[in-house]
Number of protein chains: 2
Amino acid sequence: MRQKPWPVGHRGKQDGKRAPGRPRSEQARQAILRSTLELLGTSGFAGMTIEAVAMRARVGKTTVYRWWPNKAALVADAFASDTIRQLHFPDTGSVRTDMSRQMRQLIKIFRSSRGRIVSAILAGGQNDKDLIAAFRARFLWPRRREAYATLRRGISRGELRRNIDKDLLLDSLYGPIYMRFLIQHAQLTPRFADRLCALVLAGARPHSK
Amino acid sequence: MRQKPWPVGHRGKQDGKRAPGRPRSEQARQAILRSTLELLGTSGFAGMTIEAVAMRARVGKTTVYRWWPNKAALVADAFASDTIRQLHFPDTGSVRTDMSRQMRQLIKIFRSSRGRIVSAILAGGQNDKDLIAAFRARFLWPRRREAYATLRRGISRGELRRNIDKDLLLDSLYGPIYMRFLIQHAQLTPRFADRLCALVLAGARPHSK
DNA sequence: TTAGATTCGATACTCGGCGTATTGGATTCT
DNA sequence: AGAATCCAATACGCCGAGTATCGAATCTAA
């Protein structure tokens, strides 16, 4: 997000020219991002320290601060670099099945070590607008765009009302998952995804006068 | 939560006896809790400092640490002492109206300065089990118990299925509010409460074969 | 080969907040 | 009076954020 611009001259490989000077170490960059994710998973946003990241990446603390202005920017970039490749929406011919399966995948991630990273970002984001904005841009919106398509298919098949508010519907499906994830007042299980899906989609059918 | 035990001898007013020594200053205690809430509202959990709390309460830093072992315990106690007196459930004869009105009240609080306190606690709670447990015990469960009664009335009136899972239903109603509150990806308006209520409760009616 | 530009890791530094220790004085008991 | 406990003030050690500086390494251009 707030990462410093790539140094002048390092214009990527499509341009043969390069500026003078020692080039940025790609190895160091990747090691820093990897260490950030690891420490974020074990210590959370508040517990993670830049010094520990540098130590684990076998890199000078200076090198971290040369490229990222502060902890939040580093975390946002690390999270973005880890773009979770799973979490795609299937197309089974049934909205209920499509959504339910994807929600099960999300719950699985929330319950894994990656969940710790997400909770660290959401927590840190309450005190850092850039961080929560990075979460939305890199995680929420890309998946939501896919979800819109899934819902549109459901509408065209007559499984959902034509005039349904897609954002309202998606918040109703995912909000409860985020709530249980963050407040931890009840179990977050695959079965919960199914029952949640059944309840909410029942209210979104056509002719449900 | 993890507050130190009240000093031996300060047994409350039901017992006339008191231990020797200067009694704890009730005025200082209240000033500390009040300052904590104020600073929490303006600076968040991470930005709030104990020194600032002591300064604003015109109290020595030592006095804070004498009674609360750390920042999280202080914040949890301050939040508990502020038990929000509004947020009761009406009884209008319609589940939809009862829930919608209460959800509007919650949204109003989330959008006020108190919302900042709640988000600070939920954020800090991701790194502190005691803090999130305090939130559940002092805020979530008391209101949820009232909500159960509201739902039971709806069941007996035939507005809801007899076998409805109350926790699932309540999470479906409140989860989206918490999600929008924390992720801030969409407006959190009273109108949202109404439409959310309509969608979810439609899926909870009887005979919705 | 040399000069200039830039990155690297290492180290030392300042700053601020957390939490502890100490001290002198105030308050309330026996 | 004397003991016990609280109070505010102050000083302190510790740790991590972020800055400054250094010599060595790596690249381009001439």
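So that the names make sense, note that chain A is the first sequence line, chain B the second, and so on, each numbered from 1.
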List for me each residue that meets side-chain hydrogen bond (donor to acceptor under 3.5 Å, both in side chains) alongside [X], sequence neighbours excluded, and say none if there are none.
{"X": "Y174(B)", "answer": "Q102(B)"}
{"X": "R96(A)", "answer": "none"}
{"X": "S25(B)", "answer": "none"}

Taken in chain and number order and not counting sequence neighbours, the residues that satisfy salt bridge (charged side-chain N to carboxylate O under 4.0 Å, His left out) with R180(B) are D171(A)
How many whole angstroms separate atom [atom1] of [X] from atom [atom2] of [N]?
{"X": "W68(B)", "N": "dT20(C)", "atom1": "CH2", "atom2": "C1'", "value": "18 Å"}
{"X": "I32(A)", "N": "dC8(C)", "atom1": "CD1", "atom2": "C1'", "value": "11 Å"}
{"X": "R24(A)", "N": "dG9(C)", "atom1": "CZ", "atom2": "P", "value": "11 Å"}
{"X": "R56(B)", "N": "dG17(C)", "atom1": "CZ", "atom2": "C1'", "value": "18 Å"}
{"X": "M55(B)", "N": "dA8(D)", "atom1": "CE", "atom2": "P", "value": "14 Å"}

For the atom pair CG (D91(A)) and CZ (R101(A)), what is the distance rounded to the nearest 0.5 Å?
11.0 Å
List the residues meeting side-chain contact (heavy atoms from CB on, under 4.5 Å) with A57(B), not counting sequence neighbours, and say none if there are none.
A31(B), I32(B), S35(B), V59(B)
For dT7(C), does OP1 or OP2 lie under 4.0 Å from any side-chain N or O of R66(A)?
no
Not counting sequence neighbours, list each pair that qualifies as a side-chain hydrogen bond (donor to acceptor under 3.5 Å, both in side chains) and has a residue in residues 189-203 of chain A.
S100(A)-D194(A), R104(A)-D194(A), R195(A)-D165(B)
Any pair with a residue in residues 44-59 of chain A that passes side-chain hydrogen bond (donor to acceptor under 3.5 Å, both in side chains), sequence neighbours left out, goes on the list, sorted by first then second residue, please.
E38(A)-R56(A), E51(A)-K61(A)
Contact letters for nucleotides 10-19 of chain D, in which S counts primed atoms plus P, OP1 and OP2 and B counts the base, heavy atoms under 4.0 Å
B-----SBBB
So which protein nitrogen or oxygen atoms get under 3.5 Å of nucleotides 3-5 of chain C's nitrogens or oxygens?
residue, atom, partner, partner atom, Å
dA5(C), N3, G21(A), N, 3.3

